[in-house]
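Position 1 is the first residue of the sequence, and the numbers go up from there.
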Amino acid sequence: MAAVDDLQFEEFGDVATSLAANPDATTINIEGPGETPKRPGPPRGSGREEDDELLGNDDSDKTELLAGQKKSSPFWTFEYYQTFFDVDTYQVFDRIKGSLLPIPGKNFVRLYIRSNPDLYGPFWICATLVFAIAISGNLSNFLIHLGEKTYHYVPEFRKVSIAATVIYAYAWLVPFALWGFLLWRNSKVMNIVSYSFLEIVCVYGYSLFIYIPTAILWIIPQKAVRWILVMMALGISGSVLAMTFWPAVREDNRRIALATIVTIVLLHTLLSVGCLAYFFDAPEVDHLPTTAFVPNQTAVAAKSS
């Protein structure tokens with residue numbers, strides 16, 4: 001039977017001191033159920049965080065990989081195109097907000113588009129913009145000539161088809177040309193950032209959202225107000241395009257990079273100014289009533305008799 005002194009508790013001092021006195025002793029580390037053992041590793045520096053900021057972190061890379069796997073269906077199947085419209089309301093609103101509030105130094109594609117590029121938002125933004133321009137143009141023409149006795153209002157439904165042709169051609173043909181140009185330059189110059197055709201279409205589609213409220217405000221029959229509005233919309237949407245596509249060409253030849261950005265902004269300016277000039281500031285021919293020609297007919301009849 002063990003002695004009583006052997007069963008008494010003893011107080012131990014510092015663990016490091018005990019291990020130094022008896023290096024062969026076995027130690028047991030008791031941790032909580034939610035704690036994980038800490039292993040030594042290299043400290044994370046600010047350089048790694050800056051790289052994550054510019055090139056994206058591991059989570060974004062995994063998201064891109066999953067997005068690529070999700071869209072691996074053949075292009076002739078319905079499932080392939082269904083993935084382009086697989087987006088919720090929160091994502092659409094978030095991308096619209098990003099197009100209205102561009103952040104300097106932040107990439108619109110990296111922040112909002114690359115995880116799940118869609119065609120739902122660009123399609124309905126373009127459709128809404130077409131009707132906004134056509135209806136606002138008719139209302140503007142009506143308000144300008146309101147009160148004139150010689151004016152007879154006739155709705156111009158052709159403006160809908162003209163606006164649809166211009167808007168959808170711009171939203172598809174310009175991104176296609178830009179995608180082909182960037183693809184050609186990427187084969188010659190090693191770039192950090194590259195964009196797919198769907199991502200470019202998505203950027204152009206969401207950049208046009210600012211013109212929907214602008215087109216509604218163009219009803220105001222004041223040319224100065226209209227041109228102030230178009231300059232504000234052009235500054236917001238043009239900055240989104242410039243800041244998005246500059247990283248894709250900044251490693252290229254300096255002249256080619258600047259010429260690319262200037263061309264993008266000039267085409268965007270041509271669209272906005274052209275819509276304002278054609279649908280709102282174009283001179284309208286007054287539609288005179290048919291009764292205005294009756295006195296002339298009676299005068300000719302009197303002379304002949």
Side-chain angles (χ1 to χ4, degrees), residues 60 63-64 67-68 70-100 102 106-133 163-186 191 193-212 233-234 236-249 260-261 263-272 274-275:
S60 63
T63 306
E64 295 172 17
K70 182 176 62 175
K71 299 175 183 177
S72 59
S73 303
F75 70 93
W76 60 83
T77 61
F78 178 77
E79 289 78 10
Y80 177 81
Y81 298 96
Q82 187 179 9
T83 56
F84 298 153
F85 296 86
D86 187 12
V87 65
D88 55 23
T89 306
Y90 174 78
Q91 289 177 320
V92 173
F93 284 162
D94 193 38
R95 295 171 182 183
I96 291 175
K97 182 180 66 176
S99 67
L100 296 177
K106 299 295 183 178
N107 194 308
F108 183 79
V109 173
R110 173 68 67 179
L111 290 177
Y112 303 102
I113 304 300
R114 179 151 292 180
S115 60
N116 184 25
D118 71 290
L119 293 179
Y120 179 86
F123 175 80
W124 285 112
I125 288 175
C126 292
T128 307
L129 180 59
V130 166
F131 286 100
I133 290 178
T165 303
V166 172
I167 297 300
Y168 278 101
Y170 174 81
W172 283 92
L173 295 182
V174 174
F176 181 77
L178 180 60
W179 171 72
F181 175 78
L182 294 179
L183 195 63
W184 171 61
R185 295 308 300 175
N186 283 335
N191 288 337
V193 181
S194 61
Y195 302 121
S196 64
F197 173 66
L198 183 59
E199 291 173 346
I200 297 176
V201 171
C202 201
V203 173
Y204 268 85
Y206 281 102
S207 68
L208 293 176
F209 180 83
I210 186 61
Y211 288 99
I212 296 177
L234 181 61
I236 294 175
S237 57
S239 62
V240 172
L241 296 177
M243 290 188 299
T244 300
F245 296 110
W246 173 249
V249 297
T260 303
I261 300 300
T263 303
I264 292 173
V265 175
L266 284 179
L267 290 176
H268 203 64
T269 304
L270 182 63
L271 174 72
S272 56
C275 289

Once rounded to the nearest 0.5 Å, what's the spacing between atom [atom1] of [X] and atom [atom2] of [Y]?
X: Ile212; Y: Leu129; atom1: CD1; atom2: CG; result: 5.5 Å
X: Asp94; Y: Leu111; atom1: CG; atom2: CG; result: 9.0 Å
X: Leu178; Y: Leu183; atom1: CG; atom2: CG; result: 11.0 Å
X: Ile210; Y: Ile96; atom1: CD1; atom2: CD1; result: 11.0 Å
X: Trp172; Y: Cys126; atom1: CH2; atom2: SG; result: 9.0 Å
X: Ile264; Y: Thr244; atom1: CD1; atom2: OG1; result: 9.0 Å

Full working for side chain to side chain contact (heavy atoms under 4.5 Å, CB included) between Leu271 and Leu208: CA-CA 10 Å; Leu271 174 72; Leu208 293 176; 3.8 Å; yes

Any [X] side-chain heavy atom under 4.5 Å of [Y] side chain:
X: Leu119; Y: Cys202; answer: no
X: Lys106; Y: Met243; answer: no
X: Asn107; Y: Pro247; answer: yes

Phe85 atom CZ, over 12 foreign heavy atoms within 6.0 Å: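 Result for CZ/Phe85: enclosed.
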
Neighbour count >12 (heavy atoms, 6.0 Å) for atom OH, Tyr168: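 It does: Tyr168 OH has more than 12 such atoms within range.
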
Pair Leu267-Thr263, side chain to side chain contact (heavy atoms under 4.5 Å, CB included): steps then yes or no: CA-CA 6 Å; Leu267 290 176; Thr263 303; 4.2 Å; yes

Expected output: side-chain Asn116 to main-chain Asp86 donor-acceptor under 3.5 Å: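 Yes, because the side chain of Asn116 sits within donor-acceptor range (under 3.5 Å) of the backbone of Asp86.
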
Under 3.5 Å donor-acceptor, Arg95 side chain and Tyr112 backbone: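 Judged by distance alone, yes, a pair lies under 3.5 Å.
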
Tell me the closest heavy-atom pair linking [X] and [Y], and the distance in Å.
X: Val130; Y: Ala164; result: CG2-CA, 3.5 Å
X: Ala233; Y: Tyr211; result: CB-CE2, 3.8 Å
X: Gly205; Y: Pro122; result: CA-CB, 3.8 Å
X: Ser207; Y: Leu241; result: OG-CD2, 3.9 Å
X: Phe209; Y: Ser99; result: CB-OG, 4.4 Å

Whether Phe176 and Phe197 hold their rings parallel, tilted or perpendicular, with breakpoints at 30° and 60°: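 Phe176 vs Phe197 ring planes: perpendicular.
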
Exercise: do [X] and [Y] side chains pair donor with acceptor under 3.5 Å:
X: Asp88; Y: Tyr120; result: no
X: Tyr170; Y: His268; result: yes
X: Asn186; Y: Tyr195; result: no

CA sep, side-chain torsions, deciding dist, call: Tyr204, Val174, side chain to side chain contact (heavy atoms under 4.5 Å, CB included): CA-CA 9 Å; Tyr204 268 85; Val174 174; 3.6 Å; yes

Side chain to side chain contact (heavy atoms under 4.5 Å, CB included) partner of Tyr206, chosen from Asp118, Val201, Leu100: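 Running side chain to side chain contact (heavy atoms under 4.5 Å, CB included) over Asp118, Val201, Leu100 with Tyr206 returns exactly one hit, Asp118.
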
